[in-house]
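Have a look at the structure below, then the notes.
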Amino acid sequence: MLKLPIMLSWMMPLMAFELFSLLTVGALVTAVAPGFRTAFTEKGFDYARSIGIPILEEELSDMKIPDISGSTSSPIGKIDYSVSNIKGGKLKIGHSSISLSSSSGLDISVSDGSLALTADWKYRMKSWPHVQDHGSVDISASSVSLKFTVELGKDSTGHATVSAGSCKGDVGHMDVHFHGGASWLYNLFSGTIESSLKGTLAKQGCDQGKDAINKQANKALESLPVTVNLDKSALINYALVDTPKFTDTFVETQHKGEFFLRAAPTAEAPLAPRDLPPISKVDNMVYLWLTEYMANTAGYVYFKSNSLHRLITPDMIPKADRDKYALNTTTFKQYLPQLYNKYPNMSMTLLLNNSAPMNISLTGGAVFGSVPGSIGVNVLTGNKTTEDAFVIGIRVHFNATIGVTTNNSKVLLVGKAYYISTDIELLSSNIGTFSVDVLREDVNALALLAVIPFMNQYAQAGIPLPVVEGVQFTNPVVQLGEHYIIVATDIKYNA
């Protein structure tokens with residue numbers, strides 16, 4: 001099986017053949033602007049060429065060249081001849097190139113190739129006495145060149161597709177030497193044989209290369225998942241929203257880049273992605289853009305799934321903090337006496353709930369966010385029932401750092417949130433009206449010790465970036481733009 005698809009994998013990034021690529025996953029999409037974008041540059045293509053050409057050399061050495069037969073004139077009269085059982089040695093490629101064109105797409109060229117073949121020959125005179133003979137033949141081909149034009153597209157589900165639109169093959173020079181029997185006779189019309197072999201060899205190289213691209217590459221793409229399941233609640237849709245765009249220096253792919261509920265994988269978030277700026281940097285092999293929109297669809301999905309609800313009980317307070325933040329009404333006796341007076345020395349629980357989706361803002365070279373929610377304070381009464389004491393509305397503000405890491409061969413975009421402050425207000429009370437300022441220190445501590453760590457469980461789990469097995473990012477750099485994140489990286493392939 002020809003492994004030319006390995007050369008092509010990152011030429012259509014997320015990106016996906018046996019070498020590497022960027023996944024293209026998802027369902028039918030209608031977004032105008034992408035939530036996720038990639039670019040694969042000339043530097044990346046040159047790396048793909050260095051990996052793929054040795055494989056191409058090896059695979060094209062096993063070309064299945066059909067038998068050649070015909071009739072021709074000879075010094076002994078008209079004869080029927082055949083050259084059969086043609087077997088190839090190792091193809092040696094002198095030069096190779098992969099070039100991009102905004103008009104034609106992707107061109108893959110190999111030139112100055114050479115190939116040694118062996119075969120059997122035989123002939124038979126057409127007229128009586130029907131003399132016949134046979135022997136072997138050595139064939140040496142040089143100045144072999146193949147040029148493929150490859151088109152990249154997408155199907156109705158957002159998968160990437162590959163199509164080898166055309167191929168031009170040529171064998172510049174060929175030497176044919178016959179051995180055994182009346183070899184002198186064959187050598188008299190070797191030019192006829194050479195011409196047939198040149199055409200056959202060039203056509204077979206084109207056919208086998210195109211077949212590998214059209215069949216094997218698309219088969220590999222179809223085997224990839226169209227969505228990435230994150231947990232029991234959420235998945236990411238990386239479907240292509242447009243066909244890949246070629247320039248003379250990079251290939252750009254635009255993807256849906258949206259979180260969805262696993263229970264409703266086609267229900268769109270009520271948000272819209274912003275337009276991304278034109279691509280200007282091409283120093284690295286690969287660039288990935290993750291948008292503010294993508295992050296905020298995550299907030300929407302986790303809000304709708306009720307994943308951010310959390311009940312905090314007394315035993316969940318860290319031992320080192322229980323003296324200061326014990327969940328007991330006695331803790332509040334001095335500055336919230338009405339709570340203690342109604343529920344003396346009783347244990348409490350706190351119900352954390354998000355009242356709206358988390359909001360992420362990527363601006364000014366930083367990541368900021370806020371989580372609106374509420375804290376329900378409940379008292380465990382002596383008869384093992386729970387009574388609502390009061391509910392505080394909160395909005396936790398934070399900033400965050402972003403990085404790239406690898407875990408079990410997966411490339412992840414990870415984050416870490418850092419606490420800034422919390423806005424608070426009294427929403428309801430069964431112990432009378434009071435100023436929430438008396439609880440500010442406790443609420444800040446709760447946000448720092450519970451809300452932020454809970455968010456970081458998700459942030460540290462990371463967002464899987466669309467990279468197939470065997471590819472590693474080398475020296476990735478995360479850059480923050482206005483309403484987007486760029487990951488600029490080189491890549492390394494480990495078979």
Side-chain angles (χ1 to χ4, degrees), residues 14-16 22-38 154-161 221-222 224-243 253-276 288-310 351-362 367 369-374 395-396 400 410 412-415 417 451 454-455 457-459 461-466 483-485:
L14 358 271
M15 317 161 141
L22 299 178
L23 297 177
T24 51
V25 295
L28 292 171
V29 292
T30 58
V32 175
F36 177 82
R37 181 175 74 178
T38 74
K154 77 176 188 73
D155 64 18
S156 61
T157 65
H159 280 98
T161 59
L221 287 173
E222 291 169 359
L224 295 170
V226 295
T227 52
V228 178
N229 292 327
L230 295 177
D231 48 42
K232 65 180 182 181
S233 301
L235 60 83
I236 305 177
N237 182 326
Y238 280 118
L240 282 171
V241 297
D242 201 354
T243 56
T253 63
Q254 298 184 353
H255 305 254
K256 182 65 175 172
E258 181 177 346
F259 283 68
F260 283 85
L261 284 166
R262 291 185 64 175
T266 60
E268 300 268 353
L271 304 168
R274 299 172 184 261
D275 290 333
L276 286 166
L288 301 88
W289 286 257
L290 295 93
T291 62
E292 189 178 271
Y293 160 83
M294 186 174 180
N296 285 323
T297 63
Y300 176 80
V301 164
Y302 285 110
F303 167 68
K304 295 295 288 185
S305 67
N306 295 322
S307 297
L308 302 182
H309 293 205
R310 191 177 189 188
L351 179 61
L352 301 183
N353 191 9
N354 59 322
S355 55
M358 175 183 64
N359 178 262
I360 296 293
S361 176
L362 305 173
V367 182
S370 63
V371 182
S374 63
R395 180 176 288 272
V396 178
K410 292 183 178 180
L412 304 171
L413 187 78
V414 296
V451 177
F454 186 63
M455 290 170 51
Q457 290 180 13
Y458 289 89
I463 298 174
L465 297 178
H483 311 298
Y484 60 86
I485 296 168

Does any non-hydrogen side-chain atom of [Y] lie less than 4.5 Å from one of [X]?
{"X": "V228", "Y": "L235", "result": "no"}
{"X": "S370", "Y": "R395", "result": "yes"}
{"X": "N354", "Y": "P372", "result": "no"}
{"X": "Y293", "Y": "R274", "result": "no"}
{"X": "D231", "Y": "S307", "result": "no"}
{"X": "I463", "Y": "M294", "result": "yes"}

Could you give the distance from [atom1] ([X]) to [atom2] ([Y]), rounded to the nearest 0.5 Å?
{"X": "L271", "Y": "F259", "atom1": "CG", "atom2": "CZ", "value": "12.5 Å"}
{"X": "D242", "Y": "T253", "atom1": "CG", "atom2": "OG1", "value": "10.5 Å"}
{"X": "L276", "Y": "R37", "atom1": "CG", "atom2": "CZ", "value": "4.5 Å"}
{"X": "T38", "Y": "H255", "atom1": "OG1", "atom2": "NE2", "value": "4.0 Å"}

(request) Apply side chain to side chain contact (heavy atoms under 4.5 Å, CB included) to M455 and V371, showing your working. (result) CA-CA 10 Å; M455 290 170 51; V371 182; 3.7 Å; yes
Say whether [X] and [Y], considering side chains only, have a donor N or O and an acceptor N or O under 3.5 Å apart.
{"X": "S355", "Y": "S374", "answer": "no"}
{"X": "H159", "Y": "T161", "answer": "no"}
{"X": "Y238", "Y": "E258", "answer": "no"}

List the atom of [X], the atom of [Y], and the distance in Å for their closest heavy-atom pair.
{"X": "E292", "Y": "L362", "answer": "OE1-N, 2.7 Å"}
{"X": "G35", "Y": "T291", "answer": "O-OG1, 2.8 Å"}
{"X": "I360", "Y": "N296", "answer": "N-OD1, 2.6 Å"}
{"X": "L261", "Y": "K304", "answer": "CD1-CB, 4.0 Å"}
{"X": "A234", "Y": "V301", "answer": "CB-CG1, 3.8 Å"}
{"X": "L412", "Y": "A461", "answer": "CD1-O, 3.5 Å"}

(message) One pair to check against side chain to side chain contact (heavy atoms under 4.5 Å, CB included): T227 and I236. What are the steps and the verdict?
(response) CA-CA 6 Å; T227 52; I236 305 177; over 6 Å; no
(message) Would E268 and K256 count as a side chain to side chain contact (heavy atoms under 4.5 Å, CB included) here? Give the steps.
(response) CA-CA 11 Å; E268 300 268 353; K256 182 65 175 172; 3.1 Å; yes
(request) Report the C-alpha distance between R262 and N229 in whole Å, list the side-chain angles of each, state the deciding distance to 0.1 Å, and finish with yes or no for side chain to side chain contact (heavy atoms under 4.5 Å, CB included). (result) CA-CA 8 Å; R262 291 185 64 175; N229 292 327; 3.5 Å; yes
(message) Walk me through whether Y302 and Y458 qualify under ring pair (Phe, Tyr, Trp, His ring centres under 6.0 Å).
(response) CA-CA 10 Å; Y302 285 110; Y458 289 89; 4.9 Å; yes
(message) Using modelled atom types and a 3.5 Å cut-off, is there a donor and acceptor pairing between side-chain atoms of D155 and backbone atoms of G158?
(response)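 Side chain of D155 to backbone of G158, a donor-acceptor pair under 3.5 Å: yes, one is there.
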